[in-house]
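Keep in mind that what you see is a predicted model, and the values were worked out from it rather than measured. Below, chain A is the first sequence line, B the second, and so on; all start at residue 1.
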Number of protein chains: 2
Amino acid sequence: METPSSSLILDRETKASERPGDHKDELRLWLRMLTCSTLIETEIRNRLREEFKTTLPRFDLMAQLDKTAVGMTVGEVSQRLMVSNGNVTAVVAGLVTDGLVDKRSAPQDRRVQILTLTAQGRKFFRAMAERHEEWIAELFVGLDQADIAQLFRLLGQTKSSLHRAIAGRTDQAAKGDA
Amino acid sequence: METPSSSLILDRETKASERPGDHKDELRLWLRMLTCSTLIETEIRNRLREEFKTTLPRFDLMAQLDKTAVGMTVGEVSQRLMVSNGNVTAVVAGLVTDGLVDKRSAPQDRRVQILTLTAQGRKFFRAMAERHEEWIAELFVGLDQADIAQLFRLLGQTKSSLHRAIAGRTDQAAKGDA
DNA sequence: CAAAAATATTTCAGGCTTAAAATAATTTCT
DNA sequence: AGAAATTATTTTAAGCCTGAAATATTTTTG
């Protein structure tokens, strides 16, 4: 039950906590995050094209393969990159054609394809990775160490929140299907 | 010239400020931001498909048109969404087919195409926008008001830094071309 | 052991996206 | 006015990406 005066106050100073159902702050936050991501991604795409004549999906895929000595399966890569299997298949096809990636079925389980960087691929990737790291640093140059640490921490919280919310909904959907 | 002892210290406690040329923190920050963006975007895509049988590019385009009463040109939309003109042309084509968007050349300048939401389009978009806002709030539920404000502020700084860095490089490239 | 279930990948159809070239219309310059 | 430059959009070719269906292989089960 509200008194008349409290709803007058509500009209004049609208704090988020006093407006159930309003989530404009979260929305603005998301839009700003998306703007930042898009700006960075577009810039990196442009530089990869200009300086290395390649694409971001190819760079990302090679980055995964560079992390391992023994190679990685299609499924592993698709999970880590958060893209579909079919997409990995397609991008790998291009990289194999260019001699940057090697693909062979595992001897003990012929369903599985093992992907590795070729010597040429590894060398090429390492050169790109070095430049890539410099580009990123250049883009974040307006933030000092403390800002970076804080932002990293807050995005860590965000990531946890996202995983919980998404897992929660996925579970519900699965229950509904059963 | 370094004394032997100072390089020993450098080996043992590697602070970023003591390692010129190392930018691992910025890289980790970018990867975490990308993870968050990708998780949110994928989840929103899934929900738009399931609940409204539509796509994120269509939603984003309609969101721009919903902001104006008089309509928007193809160029304006492409600039705001940070996508190519050709892309807007293609997505609009689908929306026009579905009766959600109206497209007509401006009477005073026949190069220009004016895009507006149809009545049906506006109604459909508003329904989606309401759900969309709820979804975003749900995803960020693990952050309190202070976290959101702080993250928003830091992303604002990031955005400025990006604009400066990108403008700087674009200028240089233009100078090189001249 | 053979059928059924599970797993890993590929194929397919359809939509998104871009850069560059082409088209169309307007504005500027002489 | 007429040529040249500019502006707005579309087209095109190529690559990325997805979900769903298909294929191939291995594991589980009866």
Side-chain angles (χ1 to χ4, degrees), chain A residues 37-39 41-50 52-62 71-98 100-101 103-115 170 173 177, chain B residues 37-39 41-50 52-62 71-98 100-101 103-115 170 173 177:
Chain A
S37 291
T38 304
L39 284 171
E41 216 176 291
T42 302
E43 187 64 13
I44 298 300
R45 277 180 206 278
N46 288 342
R47 296 190 188 197
L48 282 175
R49 189 179 52 256
E50 288 170 23
F52 295 101
K53 309 259 181 271
T54 192
T55 65
L56 188 52
R58 285 177 189 220
F59 176 81
D60 288 343
L61 202 152
M62 294 178 82
M72 230 178 244
T73 69
V74 170
E76 250 170 75
V77 172
S78 96
Q79 215 171 356
R80 282 170 192 267
L81 293 180
M82 297 193 275
V83 300
S84 67
N85 281 344
N87 185 16
V88 173
T89 298
V91 175
V92 163
L95 291 170
V96 169
T97 299
D98 293 354
L100 300 169
V101 165
K103 171 176 145 181
R104 58 188 56 184
S105 40
Q108 71 287 21
D109 183 343
R110 295 207 315 277
R111 288 171 305 182
V112 173
Q113 299 293 319
I114 308 279
L115 309 173
T170 306
D177 284 354
Chain B
S37 291
T38 304
L39 283 171
E41 218 177 291
T42 302
E43 187 64 12
I44 298 300
R45 277 180 207 277
N46 287 341
R47 296 190 188 196
L48 281 175
R49 189 179 52 253
E50 287 170 23
F52 294 101
K53 309 259 179 272
T54 192
T55 66
L56 188 53
R58 285 177 187 219
F59 177 82
D60 288 342
L61 203 152
M62 296 178 81
M72 230 178 245
T73 69
V74 170
E76 251 170 74
V77 172
S78 96
Q79 215 171 355
R80 283 171 191 268
L81 293 181
M82 299 193 276
V83 300
S84 68
N85 280 343
N87 185 15
V88 172
T89 298
V91 175
V92 163
L95 290 169
V96 169
T97 300
D98 293 354
L100 300 168
V101 165
K103 169 176 147 181
R104 57 188 56 184
S105 39
Q108 70 288 19
D109 183 343
R110 296 207 313 278
R111 288 172 305 182
V112 173
Q113 299 295 318
I114 308 278
L115 309 173
T170 306
D177 284 354

Verify the contact: side-chain N or O of [X] to OP1 or OP2 of [N], cut-off strictly under 4.0 Å; return yes or no.
X         : N       : value
Lys53(A)  : dG15(D) : no
Arg110(B) : dA24(C) : no
Arg45(A)  : dC16(D) : no
Thr89(B)  : dT11(D) : no
Thr73(B)  : dA8(D)  : no
Asn87(B)  : dT18(C) : yes

> On DNA chain C, nearest-nucleotide positions of Asn46(A) versus Gln113(A): which is more 5'?
Replying inline: Gln113(A)

>> Using the side-chain heavy atoms of Asn85(B), tell me which of these nucleotides is nearest: dT10(D), dT18(D), dT25(D).
In response: dT10(D)

> Nearest to the side chain of Val74(B) - dT25(D), dT26(C), dT9(D)?
Replying inline: dT9(D)

In whole angstrom, give the distance that lies between atom [atom1] of [X] and atom [atom2] of [N].
X         : N       : atom1 : atom2 : value
Asp109(B) : dT28(C) : CG    : P     : 12 Å
Met72(A)  : dA8(C)  : CE    : P     : 15 Å
Glu50(B)  : dA20(D) : CD    : C1'   : 15 Å
Glu76(A)  : dT7(C)  : CD    : P     : 16 Å
Glu41(A)  : dT18(C) : CD    : P     : 11 Å
Ile114(B) : dA8(D)  : CD1   : C1'   : 11 Å
Leu115(B) : dA8(D)  : CG    : C1'   : 12 Å
Gln79(A)  : dT9(C)  : CD    : P     : 11 Å

>> Can you work out whether Gln108(A) or Lys103(B) has the more 5'-proximal nearest nucleotide on DNA chain D?
In response: Lys103(B)

>> Go nucleotide by nucleotide along DNA chain D from the 5' end; which of Met82(A) and Gly75(B) gets its closest nucleotide reached first?
In response: Gly75(B)

> Out of curiosity, Arg110(A) CZ to Ser105(A) OG, how far, rounded to the nearest 0.5 Å?
Replying inline: 7.5 Å

> Atom CG of Asn46(A) and atom CZ of Arg49(A): how far apart are they, to the nearest 0.5 Å?
Replying inline: 4.5 Å

>> Ignoring hydrogens and geometry beyond distance, is the side chain of Arg111(B) in donor-acceptor contact with the base of dT7(D) at under 3.5 Å?
In response: yes

> Is Arg49(A) touching bases, backbone alone, or none of the nucleic acid, heavy atoms closer than 4.0 Å?
Replying inline: sugar-phosphate

>> Tell me which one of Glu76(B), Lys103(B), Arg104(B) satisfies side-chain contact (heavy atoms from CB on, under 4.5 Å) with Leu115(B).
In response: Lys103(B)

> Is there a donor-acceptor contact under 3.5 Å from the side chain of Asp98(A) to the main chain of Leu100(A)?
Replying inline: no

> Is there a donor-acceptor pair under 3.5 Å between the side chain of Thr42(B) and the backbone N or O of Leu39(B)?
Replying inline: no

> Looking only at heavy atoms, which two atoms of Ile114(A) and Gly71(A) are closest? And how far apart?
Replying inline: CG2-CA, 4.2 Å

